[in-house]
Each structure stands twice: as structure tokens, then as C-alpha cells.
Amino acid sequence: MKIKKYFVIGNPIEHSLSPKVQNQWIKENNIDAVYDKIKLNANQIKNFIQNIKNQEIAGCNVTIPFKNIVIPFTDNLTLEAEQTQSVNTIVFDNGKLVGHNTDIAGFYKAIKSLNFNMEGKKVLILGAGGVVSSIILALKKLKVLNITVSNRTRSKAENLKILFKDLNVVEWGSLPEFDIIINATSLGLNNEKINLDFSKIGKNKLFYDVIYNPSETEFLKKGRELGNKTENGKLMFLYQACEAFKLWHDKEPSINEEIFKLLDND
Ligand code: ATR
């Protein structure tokens, strides 16, 4: 049998750590497959996905900025992919291309592992990019009280109200009361600061950053120094990868020291 080829598609894609993680799990489970990253332009997506339909390619992960763009090229969406209008994993199932969203379970499981009670809490999300609809759906499953989104380009936050009617939207730069604050912007990837004054917010909140490299952004450092719990996006990344692996290979991969080390090396 031909070796099965999997990819993560995105643009940019250079920094994706998915190949490292997926290839390690492929090796551990003695699967005859290989996983690579590929940078595509929007006009190449249709052809690429056609290659999954004709099984030249076994399946793929989808990252920024294509999580929504791939949707018309799939045959079916899971309910969660439909609800978030976001697909990060494509699976070939019984002749059909199925769009899944494992970011939701990724975030959900990462938060569950923290032992921070989310029920009835107020959440502020900074950013309105590709992953935010998944985070919102997971937060709803975690039974938070309300969710407010603040994004530099306000219209992108307003657009999320089409999917989630009860979302609050505030101006970029304002700081409403919160119990949990989530940085889902790219600010911090290159040590940029987020211009918000947290000095009066009190303690024992949760500061969560989707970014995991660097492992402590300025945002998390500030949160920690002010006496709050902090967490970066590493577990979310690993859990979404784990869920995709299970969908393709029907095997449970291990999230262990070795996998954490793979991510630290970069
Ligand atoms: P995309 O927006 O293409 O989905 P993303 O990486 O998922 O890409 O999202 C980047 C997020 O970081 C966006 O919310 C973006 O805000 P805009 O919608 O206004 O672009 C936010 N972001 C990036 N650079 C920023 C900056 N300098 N200040 C504030 N927000 C920024």
C-alpha cells in the first residue's frame, strides 16, 4: 500500500509545529504515513482539497487564513464546524470530505486541565481572528456567564455576532470587568505589548494566551506579576493535534514529556 500523506495547509506556514508532533505520533504508533507542511495561496485550495477526494492525499489540517475558506470545498461539516464556520481538520470518510473542528476540543480540554472553574464567569477575548469562534463555542460548553470581544478592527468582532447572538462587543482599548481574559491576537509573538492597564483589575483571574512561543508573552507576564493564574496555548495546540490524529488514525496518541520537549526546542 502507498504511504499515506497528510499536510497542514496555511499561509504563512513556516513556523507550524504540527509536522513535528504528528510525525512523532505516527512513529510511536507504527503507522505508514508522513505529515508535512505546505504553504498555499487561496487559489490553490480547491485543487489541493480535490487531491484528498481522489486520495492522492490522505487528509489535512488547515490553519490561518484558510479555516473558513476551505468550507465550500468539503462535502459535509460536523455540527461544531458548522456552528463556528471554521474547519481545521479534513477527513476522508466513506467517499466524502468531512470538515471537522478540533480547535474547540483543544481549547476545552486545555481549560479543563487547569482546574479553574469557568462556570458563571465573565470572559473578555482580545482579537477576532480565525480561532476565536472555536474558543467562543468551547466557552459556551464550559457554561461561562457572558463573553465580550474586543478587536482592533471592530467590524470583525461584530461579524461574530452572526454566529453568536448574545456576544458583547467593545472598542479596542477598553477594559470591561472580567474573570478570564484571553489573548487571541498575534500581539506577543514578537514581544509586542498589549496596551491595556490591568493595574486595577484585582487578583485571582485567569490570563490565557493562545500563543505558546514565546511560552510567556508580555501579557502573561503582566497577569502573573499582578497575582493571577496564567496559561499559554501549548496544551490547546497539542489537544487539537491529538483530536485530529484520532480522527485520521483511530488511535490515541500520547501527550507526554517527549512531545512537550519537541515544542520547546523551537
Ligand atoms: P486573521 O485575522 O487573518 O484571522 P489571526 O492571526 O487569526 O489572523 O488574527 C490576528 C488577530 O490579531 C486579529 O484579531 C488582529 O486584529 P485585526 O482584526 O484588527 O487585524 C489582531 N492584531 C494583529 N496585530 C494587531 C495589532 N498590532 N494591534 C491589535 N490587534 C492586532
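Whatever order the structure lists ligands and atoms in, that order sets their numbers, starting from 1. Worth saying up front: this structure is predicted, and the values here are computed from it rather than measured.
Residue contact check: Ala128 has heavy atoms under 4.0 Å from atoms 14 (O) of ligand 1. The Gly129 neighbourhood of ligand 1 comprises atoms 2 (O), 4 (O), 7 (O), 9 (O), 14 (O), with distances under 4.0 Å to a heavy atom of that residue. Heavy-atom proximity to Gly127, at under 4.0 Å, picks out these atoms of ligand 1: 14 (O).
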request  = Under the side-chain contact (heavy atoms from CB on, under 4.5 Å) rule, what do Met236 and Glu231 come out as? Steps first, then yes or no, please.
outcome  = CA-CA 10 Å; Met236 176 183 182; Glu231 182 70 16; over 6 Å; no
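In this comparison of Val210, Asn151, Thr63, the heavy atom closest to atom 16 (O) of ligand 1 sits on Asn151.
With respect to atom 7 (O) of ligand 1, the closest heavy atom belonging to the protein is Gly130 N, 3.0 Å. Among protein heavy atoms, the minimum distance from atom 21 (C) of ligand 1 is reached at Thr185 CB, 3.7 Å. Among protein heavy atoms, the minimum distance from atom 2 (O) of ligand 1 is reached at Lys156 NZ, 2.7 Å. Atom 10 (C) of ligand 1 has as its closest protein heavy atom Ser186 OG, 4.1 Å. Nearest protein heavy-atom contact of atom 29 (C) of ligand 1 is Trp172 CZ2, 3.4 Å.
Using a 3.5 Å distance cut-off with no hydrogens or angles, the side chains of Gln85 and Ser133 do not pair a donor with an acceptor. Side-chain contact check for Glu218 and Asn191: no donor-acceptor pair (N or O, by modelled atom type) lies under 3.5 Å.
In this structure, Trp248 and Tyr6 have tilted ring planes: the angle between them lies in the 30° to 60° band. Ring planes of Phe207 and Phe219: tilted class, angle from 30 to 60°.
Only the side chain of Leu187 comes within contact range of ligand 1, with a heavy atom under 4.0 Å; no backbone atom does. Of all the heavy atoms of Arg152, the ones lying under 4.0 Å from any atom of ligand 1 are found in both the backbone and the side chain.
At distances below 3.5 Å, at least one donor-acceptor pair connects side-chain atoms of Ser16 with backbone N or O atoms of Ser18. Proximity of a side-chain donor or acceptor of Lys141 to a complementary backbone N or O of Leu137 within less than 3.5 Å is not detected.
Atom CZ of residue Phe73 and atom NZ of residue Lys46 lie 6.5 Å apart, to the nearest 0.5 angstrom. Atom NZ of residue Lys37 and atom SG of residue Cys60 lie 16.0 Å apart, to the nearest 0.5 angstrom.
Below 3.5 Å of separation, one finds an N or O of Thr153 facing an N or O of ligand 1. In terms of polar-atom proximity, Ile64 is not counted as a contact of ligand 1, lacking any N or O under 3.5 Å from an N or O of the ligand.
Proximity of atom 18 (O) of ligand 1 to the protein is indicated by at least one non-hydrogen atom lying closer than 4.0 angstrom.
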